[in-house]
Number of protein chains: 2
Amino acid sequence: MDKSPLVLLELIERLGNLMRAEARRVGSDEQLQPVHVEALVYLSKANRYSNTPQALAEYVGITKGTASQSLLLLDRRGLIERYEDDLDRRVVRLRLSQAGEQFLYDNQPQLAWQHATRNISPNRIRNAVSALRETLSTFQADNEGSPFGSCASCQHFERLSARAYRCGLMGDRLSAPETRKICWLYELKGSAAGDDEE
Amino acid sequence: MDKSPLVLLELIERLGNLMRAEARRVGSDEQLQPVHVEALVYLSKANRYSNTPQALAEYVGITKGTASQSLLLLDRRGLIERYEDDLDRRVVRLRLSQAGEQFLYDNQPQLAWQHATRNISPNRIRNAVSALRETLSTFQADNEGSPFGSCASCQHFERLSARAYRCGLMGDRLSAPETRKICWLYELKGSAAGDDEE
DNA sequence: AGAAATGGTTTCGACTCGCTACTATACAAG
DNA sequence: CTTGTATAGTAGCGAGTCGAAACCATTTCT
């Protein structure tokens, strides 16, 4: 019997712990909790559909109530800005403020980690990435977890021309950089559409 | 330029978040926080040198003050037992109680995850494991993080005979199963011993 | 228009977590 | 044997997390 899967999980857990500890360290100057740092990082990577409290909450795995609190704090600290959605006046949209961008730029939470992979060949990294990606998507399929992916492998993604893209679900044109951001509405290509209209 | 390292980190972070969320879910029946579950899991895997509040705190990345609190709670709930060390009466040793063992057995925090790797070939998993292991050890080397490994690759490990082992640092005989547990005193084979005696 | 759903905020209570004492034991030097 | 000094752990404080439930405001369904 092979114990590798267990070892893999242990490693991921351990690395995750250390990343969390790193986030704690990075945030301690500014009196920020790990979750706050994660939230800032998320906002820097979220596309236009996904910059809401709700999406953030799902991504980092907290309830919307807690998310609301954390966002309040980040707002007080001037690291994020909130603005109303034009179409739906219930939804609040979020973006990093100048200070928020600066904070991420100064601290580069991911730099130390990127550095830690320097001895590993690009090829091995790509292999690891694909294995982890598959693990993630299997787990999500099992648990109906919210997907959170980017356009590349999304069912709703449409390529209009050489460099014109479109989200079939929302109907918007998308810029090339935007297609690489994190999206909440992501649906893995190939999964059944199910019930649309009656 | 290759973005794979960043993607790898993102995946690890995401998986780590989900594991944490899973720990939260598992613990919610018993009113346990994720950290509590992690602590129980750690104790189930720690060897005889590593079942102390101190080691636990370092492993999960909290301070000893916080660890003390959490252990108090786990003790009140009857999930762990504390006992004195014979040699050094300052140190408190920890072990899972019957109820604690049962809790882990009932909930199997890792089962869902093990399941999530079912579609990945053992070979790819092993490759991913080795890449992550290397990332971890590079990161630890950079940051002087506490090591936490098992005997297999530890500097102090000695093989007396076919199935008799010994820890050179502590001088104890070790059983075969014990050599696979997590140890706090772990030192990667090959790193300089430095200053021992004068 | 009324009912149900949805996105966010608020409040509450138990707990985390870093920090700063503080206690008790161990160990080293005089 | 006493007097440090280091080490393992605990206790208390204050800000914040977090889930749960109640609550608004707005949208959507009928």
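Residue numbers begin at 1 in each chain, while the letters A, B, ... track the order of the sequences.
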Under 3.5 Å between N/O atoms: give me all the protein pairs with nucleotides 8-10 of chain D, atom names plus distance.
from, atom 1, to, atom 2, distance (Å)
dA8(D), OP2, Gln54(B), NE2, 2.9
dG9(D), OP1, Val92(B), N, 3.1
dG9(D), OP1, Val92(B), O, 3.1
dG9(D), OP2, Gln54(B), N, 3.2
dG9(D), N7, Lys64(B), NZ, 2.7
dG9(D), O6, Lys64(B), NZ, 3.2
dT10(D), OP1, Arg82(B), NH2, 2.3
dT10(D), OP2, Ser68(B), OG, 2.7
dT10(D), O5', Ser68(B), OG, 3.3

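Side chain to side chain, Asn107(A) and Glu30(A) fail the donor-acceptor criterion of an N or O pair below 3.5 Å.
Here the C1' atom of nucleotide dC24(D) and the CD atom of Glu84(A) are 14 Å apart, to the nearest Å. As rounded to whole Å, 15 Å separates atom P of dG14(D) from atom CD of Gln31(A). Arg25(A) places its CZ atom 18 Å from the P atom of dC17(C), with the value rounded to the nearest Å. Taking atom CG on Asn51(A) and atom C1' on dG8(C), their separation rounds to 15 Å, with Å as the unit. Between the OH atom of Tyr83(A) and the C1' atom of dG8(C) there is a distance of 16 Å, rounded to whole Å. Distance, Leu87(A) CG to dT28(D) P: 9 Å, rounded to whole Å. Atom-to-atom, CD of Glu38(B) to C1' of dC17(C) comes out at 14 Å; the value is rounded to the nearest Å. Atom CG in Leu74(A) sits about 15 Å away from atom P in dG8(C), given to the nearest Å.
Residues Arg25(A) and Glu22(A) are paired through a salt bridge, judged by an N-O separation under 4.0 Å between the basic side chain and the carboxylate.
Here Arg89(B) does not reach the OP1 or OP2 of dA24(C): none of its side-chain N or O atoms lies under 4.0 Å away.
Taking all atoms of both residues into account, the shortest heavy-atom contact from Leu8(A) to Ala128(B) is CD1-CB, 4.2 Å. The two residues Ala57(A) and Ala67(A) come nearest to each other via the heavy atoms CB-CB, 3.9 Å.
Take the nearest nucleotide of DNA chain C for Gly61(B) and for Arg76(B): the residue whose nucleotide is more 5' is Arg76(B).
With dC15(C), dG18(C), dG16(D) as the choices, the nucleotide that has an atom nearest any side-chain atom of Thr63(B) turns out to be dG18(C).
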